[in-house]
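Because only heavy atoms are used, hydrogens play no part in the values below, and waters and symmetry mates are left out as well, while side chains stay in. In the text below, chain A, chain B and the rest are named by the order of the sequence lines, each starting its count at 1.
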Amino acid sequence: MTTAEMTPELDGSTPRRLRLPFSGWHFVLVPLTFVLIVPLIWMVVTSLQTQGEANRFPPVLLPHHPRPANYVDAWHTAPFGTFFVNSALVALVVVVSNLVVCSLAGYAFARVRFLGSKALFMVLMATLMVPFQVTMIPVFLIVKWFGDHVSPYLGINHLGALMLPNLATAFGIFFLRQFFQTVPVELEEAARVDGTSRLGVLFKIVLPLSMPAMSTLAALTILTSWNDFLWPLIVITNQDQMTVPLGLSYFQGAHQTNWPLLMAGNVMSLVPMLIVFVVAQRHFVQSVAGTGLKG
Amino acid sequence: MIKRQTAWMAAAATVAALALAGCGGGGDSTSGGKTKVVVWDGYEDAQGKNLTALIAQYNKEHPDVEVTQLVSSSDRVLQKVLTAVRGGSPPDVAYMFGSWAPNIAKIPQVVDMSSYVKQPDWKWDDFYEGERQAATVGDKIVGVPALVDNLAIVYNKKLFQEAGVAPPTPDWTWDDFRAAAKKLTDPSKKQYGWLIPADGTEDTVWHFDAMLWEAGGDILNSDNTKAAFDSAAGVEALTMLQDMAVTDKSLYLDTTNANGTKLMNSGKIGMLVTGPWDLSSLPDIDYGVQVMPSFADSDAGHQTIAGPDNWVVFDNGSARKQAAVDFVRWLTAADQVRTTSLASGDLPIRESVGSEASFRRQLDQNLSGSSTFVENLSNVKKARPSVEQYPAISEAMGQAIVAVLLGKAQPAQALADAAQTTNDALSGG
Amino acid sequence: MAGRWRRLGRSESATGWMLVSPGAILIGIFGLLPVLMALRLSFQKSDLLTPDTPWVGTKNYRQLADDPRFAEAIQHTIVYTALFVPGTMLVGLLVAAALNRSVRFISVYRTAAYITMAVSTISEGIIFLWLTDKDYGLVNATLNTVGISSQPFLASTSQALYVIVAMTIWGWTGFAVIVYLAALQGVPAELHEAAAIDGARPFTRFRTITVPLLSPASLFLVVWLSINALQLFDEVYLTTRGGPLHATTVIVYYLWDQAFVQFNAGYAAAMAYVLFVVSVLFTAVQFRLARKYVHYS
């Protein structure tokens, strides 16, 4: 096991101290990954079991007659196609909105000195500190008002109601503020001295250097939107407007839960998230070479 | 300048929202000429498919009405209904747990069904006694029975044979039960005599309630002003539980209320005191069903407890209200009750259906042991009190029971403390 | 030239407010307004059912001051937060450091770490219930092999809260990893190389160069994880329901119970406000300390 491995090896070459055909880090990463994904493994195993097998304790680890038909059954229990489309639409709008709005505000809080910025920042942060169980009814009333007075598509029982309260979050603003502050301010000042506006600096200098942060925020926002259960539960009363988590609750009755179908549904719901992470991955790595940074 | 704009918009929104808070509004009542009836339920699987089919049938037979169904998570449906009521857009019919009845009675949009159900075509007295009690709060009838169940013993025949214990009989007493549980407990095989949900919620409490009634006790006094469960009967019932949990260690305490049925299905538990909903989750064992044991020194017999739930009707204008009432009457009529019960395995909510021998046979064929639960409905003599403080009473009792089961308190003291809390709540604390 | 540089330093209020306004308006309407409306509820007696919600002034708050159950909930919440936040940050940092290299298949490992965040809380809960089961859990099986008797864990009034800590650290590690990985990308390799040439060992380099450069991300995590820890609910609801005997009753669980089980919504709102004040103070303290410990490049 090498000890010189704390720095990223950009050329992926094997180190000189230990001769292995692969990096010694695999010895750490494999068990670590395994520990982290145990719930995922359990989900997949359960999704292939029969109801009887799933109703055992201690859980059965290897299904005797794996039943992939569970996935088909789960899909047909409710219009999951519609649910996936709805969830995707909401997530898309929410993530685009957040990336735009939160980068504008995050940059302002990070670099622009303006009157009242500290107070405003704390007020926005304060909105994160009251639990949703308490604010959900007021939010419901506000969204209902939008539906009645602005456009029905924004109101109760429409996808707009799922998007509206989430178009910008203090989380996103705080997150980007922290990351924007790590961009070397000399670069920005150089550009501004040359006459670039603040907006120009944001788009031409700061954002290109903040791709890891932006793609991280995008991935996190999509995930939160995709898995949101309580708000859609309250606001959607029509099956056509339901999202995937609401669809999954079909498998949970008052006394019984259909574990195999529920887990099949959960696994299917994970797949788009997996794709999102794989795609976002590519932007997580900052290419230092192309930025003209000097230490 | 921008600050002022923000403030103005915020103020406008505040005023609008607060003004709205008082508004009702039933939304549009017709869709293409038909009267809408929106039904919210928390059914899954067989129950859900059955309701969908019934609704389709009703819509076909009644072209001037359109009944739609929304399936929602049943233990969160209360939050959904509360929000909808506050926001002025409740459904027309919602499936609500019976335990919420006293609080639901306070919602102004809830329709008092008394005038409707007293009409002869409803055959109100055909519903089992426990159901009618769960739907009645004071002089209001807040819903129509949707579901009924009760507690009985479900036991693993093989484990009994292996331990050489005679299976439960209709004359069993709690002493017999205790002895059997002891023989069925085998620590080396991690096998226990029986299991009880021990999370302190109503799930724990209602097990105790049945035993309390069997010992001749009551939860509250006759005018619901003071606790009565701290009587000698209560102590006797709780002591029996303590003996099995703490002394014999034959009672497995499921403190997270997650694994009971699974352990039973895995052959690790000898007996379960549970309801008909668990039968379909036990495909891997050969089980039998028997009524609950009685206390030898009491004449209260083999009483059990029922947990009926209700269809609650909301007033969204007279057209929708009438359509909703009509639908619920049809849904709970004998024919539909029979269909529902056979399709879902739930017990029939009408006595006329439950007493049909051929029906009971068919029910047993679909799901073995169901008919015993149906017969056990005649053992439901008492109901939990319909008072709005019931959640606080349940919480106090639940904590007392769990404390005793965990060996951290003695029955008499625990019940006395819970009674104190209960009396405080009842006197308007 | 000097004049242009001086102009850069002046306050740019108009620009600042313009950039901030879309976010401020949206959050003002959908975040701040509900918070204020809920404040109103805390001064009323409400069961969320009847439109009759009499004003009771500060009665709810006074009742809270005397409520032993609330005091218990506060204590549990504080203990939980004090263990969860540093625990998650540490585990997240170590895992992120391990993942911050370009060995083969690294994207597979990273995806696996991220995907843990997408796993539902239900699955997380079930796994931990199983792992910590008295008779069948892996943890007890391991303890038994080294001679320690089986522990009740979630069934024990003294151990349950710590199991919830472990469970939630596991659930949040993916989040901390993703944040730290993004931050680690911003650590210039040249700094490490220069220090290595100077003879510093890898762990020292990590401690003296990397960790301080990660401090903006650390601040973010400390604040965000604390806010979430103070609002812990889902995992408790799904496993112990606040038990056994209230051992895992945290503030938001107690609040939810009061609002939706006991029908005391006004009381619940008052609780939320006490939590709110505590959270705001706590966050303010964290930002104040940040001035000393957080370094932006």
Option in [options] with maximal non-hydrogen atom pairs under 4.5 Å from chain A:
options	answer
Phe276(C), Phe220(C), Tyr136(C)	Phe220(C)
Ile27(C), Thr111(C), Leu26(C)	Ile27(C)
Ser123(C), Ala38(C), Ser42(C)	Ser123(C)
Ser120(C), Ala113(C), Ala98(C), Gly171(C)	Ala98(C)
Val278(C), Val95(C), Thr15(C)	Val95(C)
Val119(C), Val35(C), Ile115(C)	Ile115(C)

Neighbour count above 12 (heavy atom, 6.0 Å) for Phe229(A) CZ: yes
Contacting region of [X] [heavy-atom separation from chain A under 4.5 Å]:
X	result
Leu41(C)	neither
Ala112(C)	both
Leu131(C)	neither
Leu19(C)	both

Where on [X] is there a heavy atom nearer than 4.5 Å to chain C: the side chain, the backbone, both, or neither?
X	answer
Leu248(A)	neither
Ser197(A)	neither
Val276(A)	neither

Donor-acceptor pair, side chain of Trp42(A) and main chain of Glu124(C), under 3.5 angstrom: no
Exam field: side chain Gln231(C) to backbone Leu128(A), donor-acceptor pair closer than 3.5 Å: yes
Can you check whether [X] reaches [Y] side chain to side chain, under 4.5 Å on heavy atoms?
X	Y	value
Trp130(C)	Pro59(A)	yes
Val134(A)	Leu255(C)	yes
Thr116(C)	Leu40(A)	no
Phe30(C)	Thr127(A)	no
Phe175(C)	Leu220(A)	yes
Val294(C)	Gln181(A)	no
Ile122(C)	Trp259(A)	yes
Pro34(C)	Ile142(A)	yes

Basic-acidic side-chain contact under 4.0 Å: Arg111(A), Glu12(C):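 No.
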Phe277(A) and Tyr114(C) aromatic ring geometry - parallel, tilted or perpendicular at 30°/60° bounds: tilted
Aromatic ring pairing His26(A)/Phe105(C), orientation class (parallel under 30°, perpendicular over 60°, tilted between):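 Rings of His26(A) and Phe105(C): perpendicular, as their planes differ by over 60°.
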Ring centres under 6.0 angstrom apart (Trp224(C), Phe174(A)):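 No: the rings miss the under 6.0 Å criterion.
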Aromatic contact, Tyr109(C) with Phe34(A) (centres under 6.0 Å):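 Ring-ring flag for Tyr109(C)/Phe34(A): false, centres at least 6.0 Å apart.
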Residue, of Met122(A), Met125(A), Gln178(A), that accumulates the most heavy atom pairs under 4.5 Å with chain C: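 Of the options given, most contacts go to Gln178(A).
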